[in-house]
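Since the structure comes first, as structure tokens, the remarks are kept for the end.
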Amino acid sequence: MYTLFRKSELWFSLILIFIFSVLQSISIEGNKQFGVEYSVSAVSTLVLAVFLYWFIRRKELKDYYGFRRLQISYKQFLYFVPLFVLISINLWNGVKINLPVTDSICYLVYMLGVGFVEEVLFRGFLFRALAKDNMKMAVIISSLTFGLGHLFNLLNGSGMTLVANLCQVVGAVSVGFLFVLILLRGGSIIPCIATHAAIDMVSLFANEDGLTTEKRILFGVVRIAIVILYICVITGKKNGGEIHYEGRH
């Protein structure tokens, strides 16, 4: 794996994204066979998360991928208040216990793993590989691929409706763009991982009853508005902690 990484970080990242996507699809069927929702998904994603962190730490790439403290004052991000608002959106239609205890634990572990893995793959490996040649394109492509990757939920048997999936895709693109800027300005991927995982984990308690198409669209518009305002705050700050790109390790 490290040989491939040294040879081409872009292909390394694309292959890992493909592997992750395949694991997601396979795990859905595995969950059904095992009889506990999200059980196989939790295990497979957690294993991949551990492997990715081991790889990053073993090859001394933690700083390279932003596994460090924020390089600027927390006050420059308004104490991340907008991120807490984004996390809460899944609960705006009410709170509901959607799964039994065992299934809920598996779901939470699964989403924790997804938050870590997706941030490392898209804001870590893919973004860094692309940013070497063109920073602006790296921001755009990493955000779009992260969002469009959620289209797999229409094909992998997750049961998600078209409208819900499209709202998810649009929201993921906007949030993905925000996370890239947080990484660039703050110099740390940790807030991105924490927020991503929290958004996904909170969805366990989202009340889908009465969640109409109109409400989904409204919540989606609000999410995008929050992201845009937060981006304006981030990009308007001076002396930001933009990452200094080192050469390959």
Output, in order, the C-alpha distance, side-chain angles, deciding distance and verdict of ring-ring contact (aromatic ring centres under 6.0 Å, His included) for H196 and F122. CA-CA 12 Å; H196 189 155; F122 290 96; 8.9 Å; no

Please walk me through it: do E208 and K215 pass salt bridge (Lys or Arg N to Asp or Glu O under 4.0 Å)? CA-CA 11 Å; E208 297 285 333; K215 281 187 177 181; over 6 Å; no

Going through the distances and angles, do F55 and F12 end up as a ring-ring contact (aromatic ring centres under 6.0 Å, His included)? CA-CA 12 Å; F55 177 85; F12 177 79; 5.3 Å; yes

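The shortest side-chain heavy-atom distance between V40 and K32 does not fall under the 4.5 Å cut-off. Under the 4.5 Å side-chain criterion, counting only non-hydrogen atoms from C-beta, E9 is in contact with K132. Within the 4.5 Å cutoff, the side chain of S188 has no heavy atoms near those of the L183 side chain. N134 places none of its side-chain heavy atoms less than 4.5 Å from the side chain of I141. Between V222 and W92 there is a side-chain heavy-atom pair separated by less than 4.5 Å. The shortest side-chain heavy-atom distance between C106 and V36 falls under the 4.5 Å cut-off. Side-chain contact between L86 and R223: present, with at least one pair of heavy atoms (C-beta onward) separated by less than 4.5 Å. In this structure the side chain of L121 never reaches within 4.5 angstrom of the side chain of L126, judged on heavy atoms.
The backbone N or O of N207 sits less than 3.5 Å from a side-chain atom of N93, completing a donor-acceptor pair. With hydrogens and angles disregarded, no donor-acceptor distance shorter than 3.5 Å links the side chain of R57 to the backbone of K62. Using a distance-only test at 3.5 Å, with no hydrogens or angles considered, no donor-acceptor pair links the side chain of T45 to the main chain of A42. Between the side chain of N98 and the main chain of A206, a donor-acceptor pair closer than 3.5 Å is present. No donor-acceptor distance shorter than 3.5 angstrom exists from the side chain of E118 to the backbone of F116, with no hydrogens or angles considered. Checking side-chain atoms of D103 against main-chain N and O of L99 turns up no donor-acceptor pair under 3.5 Å. With hydrogens and angles ignored, the 3.5 Å screen pairs a side-chain donor or acceptor of N31 with a backbone N or O of S41.
In this structure, V95 is a member of the same hydrophobic cluster as M111, with clusters built from ILVMFWY side-chain heavy atoms closer than 4.5 Å. I182 and I190 are not part of a single hydrophobic cluster, where members link through side-chain heavy atoms under 4.5 Å apart. Note: the hydrophobic cluster containing V117 also contains I56 (ILVMFWY, side chain heavy atoms under 4.5 Å, direct or indirect links). When hydrophobic clusters are built by joining Ile, Leu, Val, Met, Phe, Trp and Tyr residues whose side-chain heavy atoms come closer than 4.5 Å, directly or via intermediates, L91 is grouped together with I97.
For CZ of F67, the number of neighbouring non-hydrogen atoms (other residues, nucleotides, ligands) closer than 6.0 Å is greater than 12.
Under 3.5 Å, the side chains of N90 and S203 contain no donor-acceptor pair of N or O atoms. Of the N and O atoms on the side chains of E37 and Y110, not one donor lies less than 3.5 Å from an acceptor on the other residue.
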Can I get a per-line list of side-chain donor-acceptor pairs under 3.5 Å for residues 170-181, giving both atom names and the distance, sequence neighbours left out?
| unit_1 | atom_1 | unit_2 | atom_2 | d |
| --- | --- | --- | --- | --- |
| S174 | OG | V170 | O | 3.4 |
| S174 | OG | G171 | O | 2.8 |

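Stacking of K59 on the aromatic ring of Y2 is recorded, both the 6.0 Å distance cut-off and the 45° axial limit being met.
Aromatic ring centres of Y65 and Y53 lie farther apart than the 6.0 Å criterion allows.
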